Amino acid sequence: MIDLYRIRTDTKAVIDGLYKRGVPHAAARIEAICKLDIEKRSTQSQLYNLAATLNRLNKEIGDALRLQGETALLEAKKSEITRLKESGKALTQKFKEHTSALLEQLYALPNLPHASVPMGSHADDNLIMYATPPSTKSGHLAHWDLVKNYDLVDFELGNKITGAGFPVYKGKGAKLQRALINFFLDQASKAGYIEMQPPILVNETSAYATGQLPDKEGQMYQIPLEKLYLIPTAEVSITNIYRDTILAETALPIKHVGYTPCFRREAGSWGADVRGLNRLHQFDKVELVQICHPDHSYANLEEMLTYVQGLVEQLALPYRIVKLCHGDLGFCAAMTYDIEVHAIAQNKWLEVSSISNFETFQSNRLALRYKDKNKKSCLLHTLNGSGLALPRILAALLEWNQTPEGIHIPKVLQPYTGFTIIH
RNA sequence: GGAUAGGUGGGUGAGUGGCUUAAACCAGCAGUUUGCUAAACUGCGGUAUGGAUUGUUCUGUACCGGGGGUUCGAAUCCCCCCCUAUCCGCCA
């Protein structure tokens, strides 16, 4: 949620930012918000003055009663209070309406892009920061054939048990998956991220706080009986650890890593890229979350990027780094880098990590703050990135490491798998 | 799922309708005393938001799990909801 204070004081820049992101009628929407804000505060002021008067009168009645005062005077005061309260009803109603309307309109606005975000409205406008030189190899089998040939992942079984997009990992396929999870967790621990195992169901408040609601309601699986949501990413659970929190400046930055399954309905987005492991309803992911001081968040974003880059390099996968343009940014993000690994048989880049700075967008909803030197509460910045998403890494590994003898396991994973090749 | 007990500030915890401006203690912060540490003493507290003034500060309002209600007046009485603990049941 964009900070109301920023809208109030830096109105033009807010409108510009929203236009860059392609928000229609941005100027009109911001003007409406400013108008509501002014009306709300004026109403609030009147309401508070009224309450102050009522408090004073009530205190006078109390004092008079103790001193055995005149009843006629008391009755006069009582009727005055009744009259004032009557006039306060409409005011209260107005205030409530203003407050909820204001919140609703603020919730509907996406984050403002950072100044360095490339112009553009489409994924084609994204900026490619780095790419491993392309390979000339050919004759590879796609991973969906490999998993069948080596009996590593069974999609039909998943269809039977649950439905499309819920595969069963089998034998060495399951072990390889588990090896990757452990490798990623251990690497993150070494880099100073504290490991967390959070719930994979969250309540409505949590889903609002990290921005999944109300924007992405249709994308999450829901448990209607308890009004809970299956997390689309561990970011939701882990970031919400710090909801309604005021942190000491000395505790920053906070760095967490967590492994969870992730669940996405991906309603309406089933197109050409869904074969095999490319897009699933349930998948595993190791997620990194940072909470940091506003002055350091962009330095930490770069550090996170370098860290994730190190992971794909250790796995010896060709990859590229993409800086998302305005139109491709997620709802909550101010800046995002994607890391995509290359899948040789498909000749496709697969997104395996999305590393974003949300600035104060989430912390404003979370009420996540720190005390500055003047003991004033200030919003912190939240960051997160995948480190990494499993199925597409698995797909790329299988496609690249296939040989006539079998599929070779990368060196760094061998201590985790306990085998060096899949026959 | 059933029964019981609960939910008060950073923590513990008092408070059955107005002498409560939420006591007291602990923790914290600032100051005084002391050669240092420690201790003692004094003072200050949170969060949100409005207004006035900006060197700063002054002031109002709300907040005792949440929402309604009764009343001139509610932490306190009434109703609904949520949550937690313990025991029973079920269970990896």
Side-chain angles (χ1 to χ4, degrees), chain A residues 1-9 33-107 197-209 213 223-229 237 240-251 260-261 360 362-380:
Chain A
M1 188 158 68
I2 303 172
D3 196 10
L4 187 55
Y5 182 78
R6 191 167 169 193
I7 294 177
R8 208 184 284 158
T9 54
I33 285 173
C34 288
K35 190 159 164 268
L36 255 179
D37 176 45
I38 289 166
E39 281 172 9
K40 179 195 150 189
R41 279 188 292 155
S42 145
T43 314
Q44 189 172 8
S45 202
Q46 293 172 54
L47 210 50
Y48 285 0
N49 286 334
L50 181 65
T53 310
L54 290 176
N55 285 346
R56 181 175 50 77
L57 286 170
N58 282 325
K59 196 166 159 39
E60 283 170 16
I61 291 175
D63 291 343
L65 279 175
R66 268 195 300 285
L67 300 170
Q68 307 278 325
E70 296 174 41
T71 43
L73 189 70
L74 290 184
E75 288 310 318
K77 280 190 197 295
K78 279 185 197 176
S79 60
E80 189 184 352
I81 287 173
T82 312
R83 189 175 54 76
L84 285 174
K85 274 176 77 176
E86 200 56 42
S87 74
K89 272 183 189 165
L91 222 49
T92 308
Q93 183 61 26
K94 215 163 111 183
F95 180 63
K96 278 185 180 169
E97 278 166 17
H98 286 155
T99 308
S100 63
L102 193 58
L103 202 60
E104 194 185 318
Q105 292 186 28
L106 285 171
Y107 267 139
Q197 270 191 26
I200 58 176
L201 295 177
V202 294
N203 58 32
E204 210 180 3
T205 312
S206 293
Y208 263 101
L213 289 178
I223 315 281
L225 203 59
E226 331 285 12
K227 253 206 144 175
L228 298 175
Y229 297 84
S237 319
N240 267 282
I241 293 171
Y242 296 95
R243 173 152 48 80
D244 291 320
T245 302
I246 298 179
L247 293 168
E249 215 171 326
T250 50
T260 66
T360 62
Q362 288 183 329
S363 63
N364 196 19
R365 295 181 176 207
L366 288 156
L368 167 56
R369 292 151 295 168
Y370 73 100
K371 292 279 187 188
D372 72 0
K373 288 172 205 76
N374 304 319
K375 292 190 175 180
K376 201 169 165 280
S377 301
C378 305
L379 294 172
L380 287 159

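Hydrogens, waters and symmetry mates are skipped; everything else that's a heavy atom, side chains included, is used. What you see is a predicted model; the values in this text were computed from it and never measured. Reminder, nothing fancy here: chain letters follow the sequence lines and each chain counts from 1.
In RNA chain B, the stems built from three or more successive Watson-Crick or G-U pairs (distances below 3.5 Å) are B:1-7 with B:82-88, B:10-12 with B:24-26, B:28-32 with B:40-44, B:46-52 with B:57-63, B:65-69 with B:77-81.
Across A/E104, A/Q105, A/E97, a single residue satisfies side-chain contact (heavy atoms from CB on, under 4.5 Å) together with A/L36, and that is A/Q105.
Taking atom CG on A/D3 and atom P on B/rA48, their separation rounds to 12 Å, with Å as the unit. Between the P atom of B/rG18 and the CZ atom of A/R56 lies a distance of 22 Å, rounded to the nearest Å. Taking atom CG on A/N364 and atom C1' on B/rA48, their separation rounds to 13 Å, with Å as the unit.
Separation of the C1' atoms belonging to B/rA74 and B/rG69 is 11 Å when rounded to the nearest angstrom. B/rC77 and B/rU71 have their C1' atoms separated by 10 Å, with the value rounded to a whole Å. When the P atom is compared between B/rC26 and B/rA85, the two are found 30 Å apart, to the nearest whole Å. Distance check on atom P: B/rG28 versus B/rG11 gives 15 Å, rounded to whole Å. The same atom, P, is picked in B/rG9 and in B/rA14; the two are 13 Å apart, to the nearest Å. Here the separation of B/rG73 from B/rU21, taken at their C1' atoms, is 16 Å to the nearest Å. Atom name C1', nucleotides B/rG7 and B/rU76: the rounded distance is 15 Å, in whole Å. Spacing between B/rC25 and B/rC41 at atom P, rounded to whole Å, works out to 11 Å.
Contact annotation: A/R369 side-chain N/O to B/rA48 OP1/OP2 distance is under 4.0 Å. A/S42 has no side-chain polar atom (N or O) that falls below the 4.0 Å cut-off from OP1 or OP2 of B/rG50.
Taking the syn range as angles within 90° of 0, the glycosidic angle of B/rG45 is syn.
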List the protein contact pattern of nucleotides 68-81 of chain B with one symbol per nucleotide (5' to 3'): B for base contact, S for sugar-phosphate-only contact, - for none; contact means a heavy-atom distance under 4.0 Å.
S---BS--------
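Listed nucleotides B/rA62, B/rG60, B/rG50 differ in distance to A/S45; the shortest reach to its side chain belongs to B/rG50.
For the residue pair A/Q44 / A/Y48, a side-chain donor-acceptor distance below 3.5 Å is found, with atom types taken as modelled. With no hydrogens or angles considered, a side-chain donor-acceptor pair links A/N203 and A/S206 at under 3.5 Å.
Both A/N49 and A/I246 sit near RNA chain B, but only A/I246 has its closest nucleotide nearer the 5' end. Of the two residues contacting RNA chain B, namely A/S377 and A/L47, the nearest-nucleotide position lying further toward the 5' end is that of A/S377.
Among residues at least two apart or in separate chains, salt bridge (charged side-chain N to carboxylate O under 4.0 Å, His left out) pairs with a member in residues 82-95 of chain A are A/E86-A/K89.
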